[in-house]
S.K.: 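One structure, as structure tokens, below. Some questions next.
When reading the values below, keep in mind they use all heavy atoms of this one structure, side chains included, and skip hydrogens, waters and symmetry mates. Sequence positions, counted from 1, serve as the residue numbers for this chain.
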Amino acid sequence: MGAIRHVGIYVKHIQEMARFYTEVFSLRTAVHQHEGGDYIAALFNEKGAQLEVYKLAFGDGSLLEL
């Protein structure tokens with residue numbers, strides 16, 4: 001195995017957690033977006049499901065996805 005590209009965790013208060021990781025661990029926001037559609041609906045088995053996603057970058061390019 002070469003490296004881990006990213007790790008994702010589910011959080012309840014996404015903006016607060018994004019702020020925590022950027023302030024405490026000096027991560028930078030690489031992506032902040034809203035996701036939906038058929039794939040997300042199937043993933044959560046809920047029609048019309050919507051997600052807010054942050055991808056926070058470490059210095060080596062690996063990501064923490066919230």
Side-chain angles (χ1 to χ4, degrees):
M1 179 159 107
I4 295 175
R5 181 179 173 270
H6 85 280
V7 172
I9 58 173
Y10 292 98
V11 297
K12 193 172 211 175
H13 303 285
I14 193 164
Q15 280 108 9
E16 291 175 27
M17 294 307 296
R19 187 172 39 256
F20 170 79
Y21 283 106
T22 56
E23 291 177 3
V24 174
F25 295 104
S26 299
L27 302 182
R28 68 172 178 77
T29 301
V31 174
H32 177 214
Q33 64 189 24
H34 293 267
E35 297 180 3
D38 293 340
Y39 174 73
I40 299 300
L43 187 64
F44 289 93
N45 195 29
E46 184 177 327
K47 187 175 182 175
Q50 298 283 315
L51 297 177
E52 182 176 8
V53 176
Y54 279 87
K55 292 183 182 175
L56 306 174
F58 291 86
D60 66 357
S62 57
L63 300 169
L64 173 63
E65 183 175 345
L66 305 175

S.K.: Using side chain to side chain donor-acceptor pair (under 3.5 Å) as the criterion, list what pairs up with T29, not counting sequence neighbours.
M.R.: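 T29 satisfies side chain to side chain donor-acceptor pair (under 3.5 Å) with no other residue.
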
S.K.: Report the residues that fulfil side chain to side chain donor-acceptor pair (under 3.5 Å) with E65, sequence neighbours left out, ordered by chain and then residue number.
M.R.: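 Result, side chain to side chain donor-acceptor pair (under 3.5 Å) vs E65: H6.
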
S.K.: Holding to side chain to side chain donor-acceptor pair (under 3.5 Å), I want the full list of residues that pass it with D60, two or more places apart in sequence or in another chain.
M.R.: S62

S.K.: When Ile, Leu, Val, Met, Phe, Trp and Tyr are grouped by side-chain heavy atoms lying under 4.5 Å apart, directly or through other members, which residues fall in the same group as I9?
M.R.: V11, I14, M17, F20, Y21, V24, F25, L27, Y54, L56, F58, L64, L66

S.K.: Just to verify, what does A41 make a side-chain contact (heavy atoms from CB on, under 4.5 Å) with, not counting sequence neighbours?
M.R.: none

S.K.: List the atom of A30, the atom of L63, and the distance in Å for their closest heavy-atom pair.
M.R.: CB-CD2, 4.2 Å

S.K.: Under a single-linkage definition using a 4.5 Å side-chain heavy-atom cutoff for Ile, Leu, Val, Met, Phe, Trp and Tyr, are V53 and Y39 assigned to the same hydrophobic cluster?
M.R.: yes

S.K.: Check side chain to side chain donor-acceptor pair (under 3.5 Å) between Q33 and all other residues, then give those that pass, not counting sequence neighbours.
M.R.: E35

